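So the structure is just underneath, and the comments pick up after that.
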Amino acid sequence: MTTSIIVATGRNNAIGAGGDLAFHISADLRNFKTLTMGKPVIMGRKTFDSLPNGALPGRRNIVITRNPSFCAPSVETASSLNQALEMTVDAAEAMIIGGAQIYEQALPIADKLYITEIDADRPDADTFFPTIDPDGWNCEAQQWLTDEKSGIRYRFVCLSRK
Ligand SMILES: NC(=O)c1ccc[n+]([C@@H]2O[C@H](COP(=O)([O-])OP(=O)(O)OC[C@H]3O[C@@H](n4cnc5c(N)ncnc54)[C@H](OP(=O)(O)O)[C@@H]3O)[C@@H](O)[C@H]2O)c1
């Protein structure tokens with residue numbers, strides 16, 4: 001099984017603010033849907049709480065929590081990242097979708113990182129992606145594009161562990 005992380009990062013690796021995504025770029029949200037559809041998605045409880053409509057449809061949703069009474073419709077729970085990964089061992093690819101606490105634990109063991117690099121500041125950001133060691137990864141970066149609505153530049157980057 002391939003263990004993959006998918007994330008959208010702004011300048012300074014900002015990913016979240018006030019419990020919400022730091023940036024809303026529609027092409028990024030479409031890319032997220034394309035890359036995760038049909039695959040198990042693994043997330044921290046706070047990221048689950050931030051989803052506007054609960055569990056993501058068309059995907060097996062696994063929420064990591066220390067709360068044994070946590071329960072939500074169409075969601076399975078795991079008490080650790082390791083347990084979540086064991087639950088998805090039969091899948092070709094498991095997608096770790098955040099947030100910062102879960103990325104921190106998953107980065108040392110991930111095989112692949114799908115990163116949307118967003119060339120913008122979010123000064124009130126309160127959650128950040130951990131620092132990536134550039135020497136440890138092969139990098140394929142697409143060209144920079146511009147979000148029509150916001151004028152913000154972004155690009156899709158895929159890193160595979162060397
Ligand atoms: N830009 C992006 O691509 C992106 C993607 C995802 C999320 N985000 C943003 O990131 C923010 C949320 O990130 P976050 O770091 O605050 O929270 P998080 O990682 O989503 O969830 C943290 C929670 O996960 C559970 N958890 C963490 N480690 C655990 C462990 N080892 N064992 C068992 N449970 C564990 C705990 O849940 P309990 O408290 O229930 O025990 C903890 O409170 C939001 O602002 C969200 O919008 C951004």
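These numbers come from a predicted model, not from an experiment. Just follow the structure's listing: the first ligand is 1, and inside any ligand the first atom is 1.
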Considering Arg45, Gln83, Gln101, which one's heavy-atom position lies nearest to atom 42 (C) of ligand 1?
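Among Arg45, Gln83, Gln101, the closest heavy atom to atom 42 (C) of ligand 1 belongs to Gln101.
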Min over Ile15, Thr47, Asp49 of heavy-atom distance to atom 48 (C) of ligand 1 lands on Ile15
Mind checking whether [X] has an N or O less than 3.5 Å away from an N or O of ligand 1?
X      : result
Ala8   : yes
Arg66  : yes
Gln105 : yes

Check ion pair Asp124-Arg122 (N to O, under 4.0 angstrom):
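Yes, Asp124 and Arg122 are salt-bridged.
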Report, as yes or no, whether the 6.0 Å neighbourhood of atom CG on Asn12 holds more than 12 heavy atoms from other residues, nucleotides or ligands.
no
Are there over 12 heavy-atom neighbours, none belonging to Lys149, within less than 6.0 Å of that residue's NZ?
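No, NZ of Lys149 has 12 or fewer neighbouring heavy atoms, counting only those of other groups under 6.0 Å.
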Please report which non-hydrogen protein atom sits nearest to [atom], along with the residue it belongs to and the distance in Å to one decimal place.
atom                    : value
atom 45 (O) of ligand 1 : Asp20 O, 3.0 Å
atom 10 (O) of ligand 1 : Thr127 OG1, 3.8 Å
atom 25 (C) of ligand 1 : Ile64 O, 3.2 Å
atom 19 (O) of ligand 1 : Gly99 N, 3.2 Å
atom 4 (C) of ligand 1  : Leu21 CD2, 3.5 Å
atom 33 (C) of ligand 1 : Ser79 O, 3.1 Å
atom 16 (O) of ligand 1 : Lys46 CD, 3.6 Å

Donor-acceptor check, side chain of Asn61 to backbone of Val75, threshold 3.5 angstrom: yes or no?
no
Do you reckon [X] sits in the same ILVMFWY cluster as [Y], going by side-chain contacts under 4.5 Å, direct or chained?
X     : Y      : answer
Met87 : Ile109 : yes
Leu85 : Ile102 : yes
Phe48 : Ile96  : no

Just heavy atoms, cut-off under 4.0 Å: does [X] contact ligand 1 by side chain, backbone, both, or neither?
X     : value
Ala22 : neither
Phe23 : neither
Ile97 : backbone
Val7  : both

Going by heavy atoms in the side chains, are [X] and [Y] under 4.5 Å from each other?
X      : Y      : answer
Tyr103 : Ile15  : yes
Arg59  : Met37  : yes
Trp137 : Lys162 : no
Met43  : Leu51  : yes

Which of the numbered atoms in ligand 1 are under 4.0 angstrom from any heavy atom belonging to [X]?
X      : value
Gly98  : 6 (C), 20 (O)
Ile102 : 19 (O), 27 (C), 28 (N)
Gly16  : 45 (O)
Ala100 : 13 (O), 14 (P), 15 (O), 19 (O)

Could you give the distance from NZ (Lys39) to CE (Met1), rounded to the nearest 0.5 Å?
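One gets 12.5 Å once the value is rounded to the nearest 0.5 Å.
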